[in-house]
Amino acid sequence: MPVVIRTDEEIALMRESGHLLELVHQALHAMIRPGVSTAEINRAGDRKIRELGGVPNFLDYDGYPASICVSVNDEVVHGIPSDDRILKEGDIVSLDAGLIWKGYHSDAARTWIVGRAATETERLVEDTRMSFFEGMRFARAGHHLYEISAAIGAYAAERGYGVVEELCGHGIGTHLHEPPQIPNYRQKGRGILLVPGMVLAIEPMINLGTKEIEWMSDGWTVRTADREPSAHYENTVLITDGDPELLTCTGFDERELIRTMHA
């Protein structure tokens, strides 16, 4: 399947899909506190998506059993929500969520701190977010895809983190996962030329320790091999003639950050 260039009509629908997902993430963020179970977060996310008129695109995707991936501490991605997994002070929790709106997908992830965590863990969460915005310097028409990958990886590696290599970002549109794949570390080539109308889900997954990961026996949950914390940050991104547009942007700060980086 080739990389699809979206029409203005499609972009309008994807913008709506992204905005709805933004509202879901805002609602879930408000729930993050000690004593909340990961299953409660999933149920609230599923309910919010449906209330907004969307369809959860993670639920039953290749058999995944929930609408929200809830990954805690050393879980990199795809944590399965459970009534027995209770958040406590000092945890970090990554929420990966997506929905379908009128046939078009959106996908975004955020890592939140439960109360206060160790300084190095709090720094990991912020640096993972900032690695995404380093990549946004190159998410512009005329640049090449792997310039984004190299920028993300360099930012994280310079700060001593492990950059997950087995998992990557992806194109998105009428399917949750479409070409191209988007690694988070330097590649040998330059990758495809970016042109207006491409929509990409760019998602750094950064570990406090080693880059190595392990898949758990549930077939979904991915954990760091050394059991050190991991953080995840993702947006659905539209390539334009100018600055990239974050279709799942959570607020003014992100948009202002993009403008500052390209000034």
Side-chain angles (χ1 to χ4, degrees), residues 1-22 25 57-58 61 69 77 96-101 103-110 128-156 163-187 189-206 232-250 254-255 257-259 261-262:
M1 180 179 177
V3 177
V4 178
I5 309 303
R6 300 295 169 187
T7 66
D8 289 345
E9 291 77 14
E10 289 180 302
I11 290 169
L13 290 171
M14 294 197 73
R15 189 176 285 119
E16 292 172 359
S17 182
H19 175 64
L20 295 179
L21 185 56
E22 173 185 349
H25 268 292
N57 53 7
F58 288 5
Y61 183 84
C69 296
V77 289
D96 193 358
L99 61 81
I100 308 167
W101 170 254
Y104 287 86
H105 291 254
S106 52
D107 189 5
R110 305 284 183 264
T128 299
R129 173 177 172 269
M130 289 305 300
S131 74
F132 170 90
F133 287 100
E134 283 294 310
M136 288 302 96
R137 293 180 183 271
F138 302 96
R140 302 166 64 88
H143 284 282
H144 287 78
L145 182 67
Y146 293 156
E147 292 181 84
I148 298 173
S149 303
I152 291 171
Y155 185 90
V163 180
V164 175
E165 296 183 358
E166 290 94 330
L167 303 164
C168 63
H170 50 91
I172 186 169
T174 54
H175 298 82
L176 177 57
H177 294 107
E178 298 183 358
Q181 292 191 341
I182 310 167
N184 293 307
Y185 61 100
R186 184 177 299 278
Q187 303 296 294
R190 296 193 301 171
I192 61 171
L193 180 69
L194 300 176
V195 301
M198 289 181 174
V199 184
L200 310 173
I202 299 170
E203 50 179 320
M205 290 155 275
I206 309 297
H232 185 196
Y233 186 84
E234 176 186 20
N235 279 305
T236 300
V237 179
L238 171 65
I239 303 300
T240 74
D241 285 319
D243 290 342
E245 181 180 347
L246 306 189
L247 302 184
T248 49
C249 181
T250 57
E254 269 77 357
R255 287 186 281 266
L257 186 53
I258 285 179
R259 285 194 289 269
M261 284 189 161
H262 289 303

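Positions are given from 1, in the same order as the sequence printed here. The structure presented is a predicted model; accordingly, all values stated were derived computationally and were not measured. These numbers come from the heavy atoms of this one structure, side chains and all, not from hydrogens, waters or symmetry mates.
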Practice task
Using the side-chain contact (heavy atoms from CB on, under 4.5 Å) rule, take Leu13 and Ile11 through it: C-alpha gap first, then chi angles, then the decisive distance, then the call.
Solution key: CA-CA 5 Å; Leu13 290 171; Ile11 290 169; over 6 Å; no
Quick one, [X] and [Y] - any side-chain contact, counting heavy atoms below 4.5 Å?
{"X": "Leu247", "Y": "Val237", "answer": "no"}
{"X": "Arg140", "Y": "Pro244", "answer": "yes"}
{"X": "Val199", "Y": "Ile239", "answer": "no"}
{"X": "Phe132", "Y": "Asn235", "answer": "yes"}
{"X": "Ile5", "Y": "Val195", "answer": "yes"}
{"X": "His232", "Y": "Thr128", "answer": "no"}
{"X": "His143", "Y": "Arg137", "answer": "no"}

Practice problem: Would you please test Glu134 and Ile148 for side-chain contact (heavy atoms from CB on, under 4.5 Å) and show each step? | Solution: CA-CA 8 Å; Glu134 283 294 310; Ile148 298 173; over 6 Å; no
Roughly how far apart are [X] [atom1] and [Y] [atom2], rounded to 0.5 Å?
{"X": "Leu99", "Y": "Leu21", "atom1": "CG", "atom2": "CG", "value": "5.0 Å"}
{"X": "Leu238", "Y": "Thr248", "atom1": "CG", "atom2": "OG1", "value": "11.0 Å"}
{"X": "Glu166", "Y": "Met205", "atom1": "CD", "atom2": "CE", "value": "10.0 Å"}
{"X": "Arg15", "Y": "Leu246", "atom1": "CZ", "atom2": "CG", "value": "11.5 Å"}

ask   = Nearest heavy-atom pair of Ala156 and Ile206: which atoms, and what distance?
value =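 For Ala156 and Ile206, the tightest heavy-atom pair comes out as CB-CD1, 3.8 Å.
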- request: Quick one: closest heavy-atom pair of His25 and Ala97, and the distance?
  value: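 Nearest heavy atoms, His25 then Ala97: NE2-CB, 3.9 Å.
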ask   = Hey, mind stepping through Ile182 and Leu200 against side-chain contact (heavy atoms from CB on, under 4.5 Å) and telling me if it holds?
value = CA-CA 8 Å; Ile182 310 167; Leu200 310 173; 3.7 Å; yes
### Task
Dump the intermediate steps for side-chain contact (heavy atoms from CB on, under 4.5 Å) on Val4 and Thr174, then the final yes or no.
CA-CA 10 Å; Val4 178; Thr174 54; over 6 Å; no
Could you tell me which residues satisfy side chain to side chain contact (heavy atoms under 4.5 Å, CB included) with [X], sequence neighbours excluded, listed by chain and number?
{"X": "Ile192", "answer": "Val3, Leu145, Pro180, Met198"}
{"X": "Tyr146", "answer": "Ser149, Pro183, Gln187"}
{"X": "Asp107", "answer": "Phe58, Asp96, His170, Ile172, Leu176, Ala201, Glu234, Thr236"}
{"X": "Glu10", "answer": "Arg6, Thr7, Tyr104"}

* Asked: Any sub-3.5 Å donor-acceptor pair from Asn184's side-chain atoms to Glu203's backbone N or O?
  ->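 Confirmed, Asn184 side chain pairs with Glu203 backbone.
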| said: Determine whether a donor-acceptor pair (N or O, by modelled atom type, separation under 3.5 Å) exists between the side chain of His105 and the backbone of Gly98. | reply: no
For [X], side-chain hydrogen bond (donor to acceptor under 3.5 Å, both in side chains) partners two or more places apart:
{"X": "Ser17", "value": "Ser106"}
{"X": "His19", "value": "none"}
{"X": "Arg186", "value": "none"}

With sequence neighbours left out, the residues meeting salt bridge (charged side-chain N to carboxylate O under 4.0 Å, His left out) with Glu165 are Lys211
Practice prompt. Determine the interplanar angle of the Tyr233 and Phe133 rings, folded into 0 to 90°, and report it as parallel if under 30°, tilted if 30 to 60°, perpendicular if over 60°.
Written response: tilted
ask   = Under 6.0 Å between the ring centres of His144 and Phe138?
value = no
